[in-house]
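Shown next, in structure tokens, is the structure this report addresses.
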Amino acid sequence: MPTARSAARIDRSSSPRGRSARAATGQAAGKPLVIVESPAKARTIAAMLGPDFVVESSVGHIRDLPRRAEEIPKAYKAESWARLGVDVENGFKPLYVVAPEKRQVVEKLARLVEEASEVYLATDEDREGESIAWHLMEVLHPRVPVKRMVFHEITPQAIQRAVQEWRELDRRLVDAQEARRILDRLYGYEVSPVLWKKVMPRLSAGRVQSVATRMIVERERARMRFQAAEWWDLQASLDPGEGEPRFEAQSVAVDGQALASGRDFGPEGTLAQGARVRVLEGPEARSLAEALVGRPFEVTQVQERPLRRSPAPPFITSTLQQEAARKLRFSAQRTMAVAQRLYEQGWITYMRTDSTTLSDEALAAARAQAAELYGPDHVPPAPRRYEKKVKNAQEAHEAIRPAGERFRTPEEAAASLSGDELRLYELIWKRTVASQMADATGTTAQVRLVGTPEAGRPAVELAASGSVITFPGFLRAYVEGSDDPEADLAEREVRLPRLAVGDVVRAEAVEARSHLTQPPARFTEASLVKALEEQGVGRPSTYASIIATILDRGYVWKKGSALVPTFTAFAVVGLLERYFADLVDYGFTAAMEDDLDGIASGEREALPWLTRFYFGAPKGQAAEEDGAGRISALGLRRLVAEHLAAIDAREINSIPIGEDPESGEPIVVRVGRYGPYLQRGEERASVPEDLPPDELTVERARELLAAPSGDRVLGEDPESGKPVLLRSGRFGPYVQLGGAEESGEKPKTASLLASMRPETLTLEDALALLALPRLVGVDPASGEEIWAHNGRFGPYLKRGSETRSLERDDQLLGIGLEEALALFAQPKTRRGRQPAAPLRELGEDPETGQPIVLRSGRFGPYVTDGTTNASLRRGDDPETVTLERAAELLAERRAAGPPARRSTRATKAAKATKATKVTKAAKTTRAAGSRGTGSTRRRASGE
DNA sequence: CAGTGAGCGAGCTTCCGCTTGACTT
């Protein structure tokens, strides 16, 4: 912290080549070192700067907050805030670490800095880039002059200019980045644990992913609310005569009253209130269609308008992903991977950008190419410049375009590129060239016609529209794709015959067409990226990974290209909306960006901003002043603590589906450990994994409850003739003798053994299971029976009130009396029975002299010296772990102290979890409906 | 989500944004 400002000071007196600095430090003559972010960029710039410069890359950020417990330095492990990586009690000071995979990069840079005459920090000119530059300074602390160098386009002129026009590091921009980073960490690492405790372990929440998930869930909810409605219209094929071609027209009004069409139905699928339209129904439509065939229609109106369309701006990351999805059917990830290869091979400019700006070089190249290929008349007199339209754009780069001062055409590219790369390059090339071409012009025509069936019946008004492009302009190079196929059709050129008011045409054929209103479409990767960008959520470098994250967490799955939310997502979004509404507000990021701009411009400071977010607004200060009302009133920390006590997990994990129309009982989906299941009173049924939530209607739920889909009939019990079913339950798969509907007696059930798989289970296996418990024999000493049971913890023997666990599944069916007696003869402890042989003996601990062995335990492999045990960590391989490593782990474990005295906080949390589980279990067995109160839970967890 | 009896090495999961690695034959 203290060195930040002074280290960032830049020696203005030194010449660009740093001669004076060398003299001052007495260093050998070296070359200036330029550090950029990307290796590919380093290569390009190195070529432009020539041999007098050394150019190297940082490969992105070099330091960050520790990601996992493993990355927290030992010295900080005991700190109360270590888990967050931010000392929230002391000015939100971040703990930065160099990630293991970045060590090599940092070492290399450090070597180069030592040899350099001066250092140019040439990372991107945005918050993140400025921050990377600052971290480089902090980590490398060069003893030679340091200059901040910036450029927004990679052309020889721009680079040369940037070398001359360097500036100082902007600490405020760095502060803004750091504030952003800390807020995201606090949000993610405070809220995710709430989900672990209330919904499922390993889930996550974050400023970006939670909003993305919420959008997808809200869309699904809208689909669930949607009521499909039917409407009809007429399509007439009209013959103008005199050899002119026929044309098509659609009904728009009957008897002077406008007819409803798709767009008159709102998002709920119902007609907007007060809509003055009439819904044409089937019988009337059919009767009209029939009666209109062969009838004359008179042209009542002809409207011609000039048509002008302009090209779309050049690609930025989000639009590239959208168009590659529409036109090439690429996923966001595939698009970015292909673009990365094109960029690295020098075909295109940088692919992670939010700027539509083209460099002068690019403007000239695009215009020259357009003129050459399509003629000078297809290029406007002045270059087109596109205004920034992206919310929170940082605009550190150019738009995505073909690289170089002369674009290589797709034909030229085909010599070296193929497949995905060629296709994406062609897309980028077309879009770039088209963006500098002239508008397309033409005319559109709207024609109205009126005709009547036989006398006494109402008049029917038809409409036809056509459009003619007279000058294609940019359309010759590129047409933007659309998510809406109907809109796409409408874009097509349609020619109408020359018509004038008063002309009469004849209806050759009239068809009555039925339409169903469609629910709002699910998000695709491309439309989600578009929606996120519109809200300013996420950055070009993260769009693809946001989708990967929500897929990975099990919030969303892909059905074709559609993103379908899971019921887990419903539970999580429901929790967040209800208890952390401000955090999942769609405007949260935009408000945050405004604040960060304030920090970057010096209007506000990061510390009070973070304090307010985390600890709440100072007393007396109106909390509603900023967007995050409730958060700022209480502060995130207290909010989380409060909610941990108050949130009823059972309620959060219940998603209401509706009421059973027969019994009036509510039907809910509950998110359980084994996935979602339906519940109606005491009845339960699994929800198929591939069932989209909007298809789980009350009717469908009733069907599933009537015949739980997970069930499989294995066969018939030869003795009783009853069916043997394979089912899935709370404790995993089990078999059942007899159907559930058999009145009165409870059907006999038995869990599968650990070694059995439901997919391959046979009737024989099932019958053997149902025959359990098995009488092994009678103890000759006491006369007591010995039974083999299959229990919660696996197979075991029971003699009176005594039990012994069995080692293997097959003993359950095969163990004899003698062997059983031998087991009972041994004491009950695991050690007494048959201590599993150690996996490996590692040798003697150099510190204590105790032998260390590697064992396999419940939680995986661990090492022990007989008194202290330590689990292997991530990255430790049981096959190859050394004595030294084992001794180190044990020493760490001993240093942490005995379990009772260690981290009171963690222990308390563990106890609380246990207590909660007990209450939960008790609650479940109690009559349904008597929900635990907050005070009960508090007592339980306060224990 | 069915219902069936232990005692015992805990420690970790998670955020958003920058950027590409890759120990061998």
Side-chain angles (χ1 to χ4, degrees), chain A residues 37-41 57-62 64-65 67-70 83-85 101-102 104-105 123-124 126-129 131-132 177 180-193 195-196 201-210 340 344 352 538-542 545-546 549 553 670 672-675 677-679 682-686 708 710 727-736 746-751 773 789-793 796 798 801-805 828-830 855 857-860 862-864 867-871 873-874 893 899 902 906 910 924-925:
Chain A
E37 281 167 57
S38 144
K41 197 174 182 178
S57 67
S58 72
V59 200
H61 274 290
I62 56 159
D64 192 11
L65 304 175
R67 282 178 297 221
R68 292 185 296 270
E70 188 195 353
R83 163 183 85 81
L84 297 170
E101 71 271 19
K102 279 291 159 60
Q104 278 198 326
V105 174
T123 49
D124 296 346
D126 56 17
R127 270 202 314 255
E128 299 296 330
S131 169
I132 291 172
Q177 189 278 343
R180 196 276 310 152
R181 180 68 189 91
I182 293 171
L183 179 134
D184 280 333
R185 169 52 65 91
L186 296 174
Y187 182 152
Y189 279 35
E190 287 288 10
V191 181
S192 297
L195 302 181
W196 304 342
R202 303 182 68 91
L203 295 179
S204 61
R207 173 173 58 81
V208 170
Q209 61 168 290
S210 294
Q340 174 87 29
E344 283 172 4
R352 290 184 274 263
R539 306 275 316 131
S541 63
T542 62
S545 63
I546 294 165
T549 298
R553 296 281 169 274
R670 303 200 50 206
R673 230 158 39 100
Y674 297 101
Y677 63 93
L678 279 164
Q679 186 162 13
E682 292 294 302
E683 293 170 276
R684 298 181 173 88
S686 285
R727 313 188 67 185
S728 170
R730 186 152 54 113
F731 311 119
Y734 67 101
V735 291
Q736 177 178 312
K746 223 183 266 179
K748 187 169 170 51
T749 63
S751 281
H789 291 262
N790 183 29
R792 199 149 46 118
F793 312 116
Y796 67 102
K798 191 172 167 100
S801 58
E802 262 193 294
T803 60
R804 290 288 185 282
S805 283
K828 187 162 191 156
T829 57
R830 167 177 300 210
R855 291 184 172 280
R858 285 181 296 151
F859 308 124
Y862 68 101
V863 289
T864 176
T867 48
T868 307
N869 305 310
S871 288
R873 301 276 174 77
R874 182 200 295 260
R893 190 68 189 73
R902 244 174 49 239
T924 321
T925 38

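Computed from a predicted structure; not experimentally measured. Every chain is numbered from 1 and lettered A, B, ... according to where its sequence line falls, protein lines coming before strand lines.
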Holding to side chain to side chain donor-acceptor pair (under 3.5 Å), I want the full list of residues that pass it with A/Asn790, two or more places apart in sequence or in another chain.
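Partners of A/Asn790 by the side chain to side chain donor-acceptor pair (under 3.5 Å) criterion come out as none, since no residue qualifies.
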
Are [X] and [N] close enough that a side-chain N or O sits under 4.0 Å from OP1 or OP2?
{"X": "A/Ser541", "N": "B/dC18", "answer": "yes"}
{"X": "A/Gln209", "N": "B/dC16", "answer": "yes"}
{"X": "A/Arg68", "N": "B/dT14", "answer": "no"}
{"X": "A/Arg185", "N": "B/dG17", "answer": "no"}
{"X": "A/Arg202", "N": "B/dT14", "answer": "yes"}
{"X": "A/Gln340", "N": "B/dT20", "answer": "yes"}
{"X": "A/Ser131", "N": "B/dC18", "answer": "no"}
{"X": "A/Arg553", "N": "B/dC15", "answer": "yes"}

Would you indicate which nucleotide in [options] comes nearest to any side-chain atom of [X]?
{"X": "A/Pro201", "options": "B/dC15, B/dA2, B/dT13", "answer": "B/dT13"}
{"X": "A/Arg207", "options": "B/dT20, B/dC18, B/dC16", "answer": "B/dC16"}
{"X": "A/Asp64", "options": "B/dC16, B/dC12, B/dT14", "answer": "B/dC16"}
{"X": "A/Val59", "options": "B/dC1, B/dT20, B/dG17", "answer": "B/dT20"}
{"X": "A/Thr542", "options": "B/dC18, B/dT14, B/dG17", "answer": "B/dG17"}
{"X": "A/Glu128", "options": "B/dC1, B/dT13, B/dG17", "answer": "B/dG17"}
{"X": "A/Asp184", "options": "B/dC1, B/dC18, B/dC16", "answer": "B/dC16"}
{"X": "A/Ile132", "options": "B/dG5, B/dC18, B/dC16", "answer": "B/dC18"}
{"X": "A/Thr549", "options": "B/dC18, B/dA2, B/dC15", "answer": "B/dC15"}
{"X": "A/Ser751", "options": "B/dT4, B/dC18, B/dC12", "answer": "B/dT4"}

No-H, no-angle donor-acceptor pair, A/Arg539 side chain to B/dC18 base, under 3.5 Å
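Counting by modelled atom types and ignoring angles, no donor-acceptor contact under 3.5 Å is found here.
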
Tell whether A/Arg180 reaches the base of B/dC16 with its side chain through a donor-acceptor pair below 3.5 angstrom.
yes

Base, sugar-phosphate alone, or nothing: which one does [X] contact when heavy atoms must sit under 4.0 Å apart?
{"X": "A/Leu65", "answer": "nothing"}
{"X": "A/Ser204", "answer": "sugar-phosphate"}
{"X": "A/Pro193", "answer": "base"}
{"X": "A/Gly206", "answer": "sugar-phosphate"}
{"X": "A/Arg67", "answer": "base"}

Between protein and nucleic acid, restricted to nucleotides 22-24 of chain B and to nitrogen or oxygen atoms under 3.5 Å apart, what atom pairs and distances do you find?
none

Identify, with sequence neighbours excluded, every residue that meets side-chain contact (heavy atoms from CB on, under 4.5 Å) alongside [X].
{"X": "A/Lys798", "value": "A/His789, A/Tyr796, A/Thr803"}
{"X": "A/Thr868", "value": "A/Asp865, A/Leu890, A/Arg893, A/Arg894"}
{"X": "A/Ser204", "value": "A/Ser192, A/Gln209, A/Arg553, A/Tyr555"}
{"X": "A/Ala40", "value": "A/Ser38, A/Arg43, A/Tyr343, A/Glu344"}

Would A/Trp196 count as stacked on B/dT13 if the rule is ring centres under 5.5 Å and plane angle under 30°?
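Stack criterion met.
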
List in chain and number order the residues that pass salt bridge (Lys or Arg N to Asp or Glu O under 4.0 Å) with A/Asp184, two or more places apart in sequence or in another chain; answer none if no residue qualifies.
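If we apply the salt bridge (Lys or Arg N to Asp or Glu O under 4.0 Å) test to A/Asp184, skipping adjacent residues, the hits are A/Arg180, A/Arg207.
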
Which residues share a salt bridge (Lys or Arg N to Asp or Glu O under 4.0 Å) with A/Arg202, sequence neighbours left out:
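Not a single residue meets the salt bridge (Lys or Arg N to Asp or Glu O under 4.0 Å) criterion with A/Arg202.
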
Hey, which of these two, A/Arg352 or A/Ala69, hits DNA chain B nearer its 5' end, going by closest nucleotide?
A/Ala69

Does a salt bridge link A/Asp64 with A/Arg185, judged by any charged N lying under 4.0 Å from a carboxylate O?
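Looking at A/Asp64 and A/Arg185, the cut-off is not met.
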
Grab the stems for DNA chain B, please: at least three consecutive Watson-Crick or wobble pairs, both distances below 3.5 Å, written as range with range.
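As far as DNA chain B goes, consecutive pairing (with distances under 3.5 Å) yields no stem.
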
